[in-house]
Amino acid sequence: MQSQSDQEKFYITTPIFYPNGELHIGHTYTTSICDFFARMARLAGKQTYFLTGADENSLKIQNKADEVGQDVIEYLDLQAKNVILLFEKLDISYDQYIRTTNKERHHTGVIALWNNLVEKGDIYEGFYEGFYCVGCESFKTEKDLVDGLCPDHGTKPDFIKEKNYFFKLTKYAEKVKESLLNNTIKIFPESRKNEALKIIENDLFDISFSRPNKGQANVIPVPGDQTQGIYVWGDALVNYISALGYGGSEGEKQSESLYNMFWNNDLSQSVHVIGKDILKFHAFIWPAMLLAADIPLPKNIIVHGLMQSGGRKMSKTIGNVISPVDMINKIGVEGLRFYFANNIPIFDDGEITEDLIVSNYNGYLSNGLGNLTNRLIKMMISYDVSVNFDSIENTDLYKRLDENLNKTLIDFDINSYTNYLWKELSAIDADIQTKEPFKLFKINPDEARKIVENLLLRFYTIILFIEPILPKTVPTIIKHIQDREMPEKPLFPKVEMEIN
Ligand code: ME8
């Protein structure tokens, strides 16, 4: 038996999202992708830890709480509750939901890292004069703006002049570049690695790492200087290790082993999943902070595209925002999860419209997996076919699918993974058509049973590998097969397309 210490480790994280509104379909996409990989890693026998959470120490959250007239901490508690409910609905199998207002766990980690940077001589006092976009929570130069506006938010950034502490980012630029070039940090896809290298070349200046502390409840004061608060990104990025116990307070010591198991361990695969909008922070600033503090680097960064609707960026003004809850009400959680895995190109900008989601759901799930399940279980019962699934792991098909699973945990191409499985399902459909066990049964029942038994074995094997994508439906199908019972109602009821 494998002991815990030699079991391969897999650590996966989502960005921690700003809870200044309801999470939209883009946030649920990133989180679902992480969930697919976390479940796949568990299926592959890896010891897995899946982290998600909320980026709460941000100015725009204070602004939002003021706008709705609520105390910021009360506001954040309510938001966290709502997000956790949404993640439960989506079957997100996370191990920890980190909140950056958590003093024992997160603040201590951030302060430990800050002190580490100070000891290395990498934090110095300076004066910042320039732009700041609260929407991005990011300092901007003239060349980042389009017609004087932030291209992402369409707003005029604030012009600020203030005392700040700076982090010596430039000191680590060459080392970060090297770690990208020699794949110490692997960036997926390759084109984003080139983009990251360009960012490093173009943004070669030290970064302001604190802002004046106006005494908000959601800010971490700079150690030794309460007049300054740690810059939200300098705080937020640390969540990936503070959640594992890095720099933890006494009460948090028990979780230090998580840090040694999943981060400070050459044999652990650490994976950050992010959207392309926050590449600079993850591929430049975060590695520089870690290098400065002598902390191991993340091993993989998956950079996905941003979803558009009707060929345009989703925006409330255009009126093309898709709500995950509306979609779940229409096609169910599994319908949405399947669309993410199958139809949104992971390394590109994807298109999401209600029509596309519904037509894919009807095609692949309702007519595809749903119908096939019914046909096979029906034949199993009517022809009295018995199947022994005990030695399924020795079949060629199982080995092939297992290989595909392990390959995907290296190249992270979830679209090809899903495609591969649905091709195998289609092959079963095609075999039913050509071998016609329903006709054969009338003349040679034994032969027909053998065919159905083989089809069922293949089907059962395939759905074991579909479980990471459809974690509710697969156990239901398995139960129906084992109990030899037809589903009472369709697994994926057909959804009518709305005619506009
Ligand atoms: O940036 N399509 O939080 P955030 C796909 N708090 N994914 C999308 C998307 C879209 N249209 N829009 C957003 C932050 N996302 C920081 C992160 S991490 C230490 C701190 C997803 O709430 C995508 O993953 O603005 C993107 O990177 C993230 O949401 C930004 O979330």
Side-chain angles (χ1 to χ4, degrees), residues 12-35 37 51-61 64 76 79-80 82-83 86-87 92 97-101 106 109-110 113 133-138 150 152-153 188 192 218 220 230-243 270-287 289-290 298 301-316 318 320-324 327 336 339-340 343-353 414:
I12 188 152
T13 67
T14 69
I16 46 172
F17 304 113
Y18 292 124
N20 58 327
E22 275 176 24
L23 292 197
H24 63 61
I25 200 107
H27 300 121
T28 53
Y29 171 68
T30 314
T31 313
S32 301
I33 296 201
C34 287
D35 191 57
F37 292 130
L51 177 73
T52 185
D55 191 352
E56 302 187 319
N57 300 329
S58 131
L59 192 58
K60 63 178 165 185
I61 300 204
K64 182 74 192 189
L76 285 169
Q79 292 297 104
N82 290 338
V83 174
L86 176 67
F87 285 177
I92 304 299
Y97 186 83
I98 177 107
R99 295 180 54 187
T100 55
T101 45
H106 181 68
V110 174
L113 193 97
C133 170
V134 180
C136 302
E137 292 288 5
S138 172
C150 163
D152 289 336
H153 293 92
F188 298 85
R192 297 278 176 223
N218 63 336
I220 307 181
I230 296 179
Y231 168 49
V232 62
W233 275 99
D235 149 354
L237 288 160
V238 183
N239 91 90
Y240 299 130
I241 53 175
S242 67
S270 48
V271 184
H272 294 319
V273 178
I274 58 166
K276 66 178 185 183
D277 53 331
I278 51 178
L279 178 63
K280 174 170 117 187
F281 297 99
H282 286 79
F284 185 15
I285 299 174
W286 177 226
M289 289 163 72
L290 293 168
I301 305 179
I302 302 177
V303 190
H304 66 69
L306 296 185
M307 257 183 260
Q308 304 192 326
S309 179
R312 301 178 73 177
K313 188 178 160 179
M314 267 184 257
S315 127
K316 283 194 184 133
I318 303 172
N320 61 347
V321 172
I322 298 200
S323 139
M327 278 300 109
L336 186 62
Y339 189 83
F340 287 158
N343 298 85
I344 301 283
I346 178 163
F347 299 129
D348 229 322
D349 288 338
E351 175 68 14
I352 186 160
T353 61
I414 188 70

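Numbering of ligands and ligand atoms starts at 1, following listing order. Predicted model, so just to flag it, every value in this text is computed and none were measured. Any value given below was found using the heavy atoms of this structure, including those in side chains, with hydrogens, waters and symmetry copies removed.
Atom 29 (O) of ligand 1 has its closest protein heavy atom at His27 CD2, 3.2 Å. Scanning all protein heavy atoms for the shortest distance to atom 25 (O) of ligand 1 gives Tyr18 CD1, 3.6 Å. Nearest protein neighbour of atom 28 (C) of ligand 1, counting heavy atoms only, is Phe17 CE2, 3.9 Å. Distance from atom 30 (C) of ligand 1 to its nearest protein heavy atom, with residue and atom name: Asp277 OD2, 3.7 Å. Of the protein's non-hydrogen atoms, Ile16 O, 3.2 Å is the one closest to atom 17 (C) of ligand 1.
Near Thr30, with a cut-off below 4.0 Å to any heavy atom, the atoms of ligand 1 are 7 (N), 21 (C), 23 (C), 24 (O). Every atom of ligand 1 is numbered from 1 in the order shown, and the set under 4.0 Å from a heavy atom of Met307 is 2 (N), 5 (C), 10 (C), 11 (N). The Asp55 neighbourhood of ligand 1 comprises atoms 6 (N), 16 (C), 20 (C), with distances under 4.0 Å to a heavy atom of that residue. Residue-ligand proximity, Ile278 to ligand 1, at heavy-atom distances under 4.0 Å covers atoms 1 (O), 27 (O).
Considering OG of Ser270 and CD1 of Ile241, their distance stands at 11.0 Å, rounded to 0.5 Å. In this structure, Ser32 OG and Ile92 CD1 are separated by 4.0 Å, a value rounded to the nearest 0.5 Å. Taking OG1 from Thr30 and CG from Asp35, the interatomic distance works out to 12.5 Å, rounded to the nearest 0.5 Å.
With hydrogens and angles disregarded, a donor-acceptor distance shorter than 3.5 Å links the side chain of Gln79 to the backbone of Gly21. With hydrogens and angles ignored, the 3.5 Å screen pairs no side-chain donor or acceptor of His282 with any backbone N or O of Leu237.
Here the closest non-hydrogen pair linking Ile25 and Ile322 is CB-O, 3.4 Å. Looking at every heavy atom in both residues, Ala236 comes nearest to His106 through O-CE1, 4.5 Å.
A donor-acceptor pair shorter than 3.5 Å cannot be found between the side chains of Glu56 and Thr100.
Within the 4.0 Å heavy-atom shell around ligand 1 one finds His24. Using a 4.0 Å heavy-atom cutoff, Gly305 is listed among the residues neighbouring ligand 1. Taking a 4.0 Å cut-off on heavy atoms, His304 registers as neighbouring ligand 1. Proximity of Trp233 to ligand 1 is established by a heavy-atom distance of less than 4.0 Å. Using a 4.0 Å cutoff on heavy atoms, Tyr240 counts as a contact of ligand 1.
Note: Trp286 and His272 have tilted aromatic rings, judged against thresholds of 30 and 60 degrees for the angle between ring planes.
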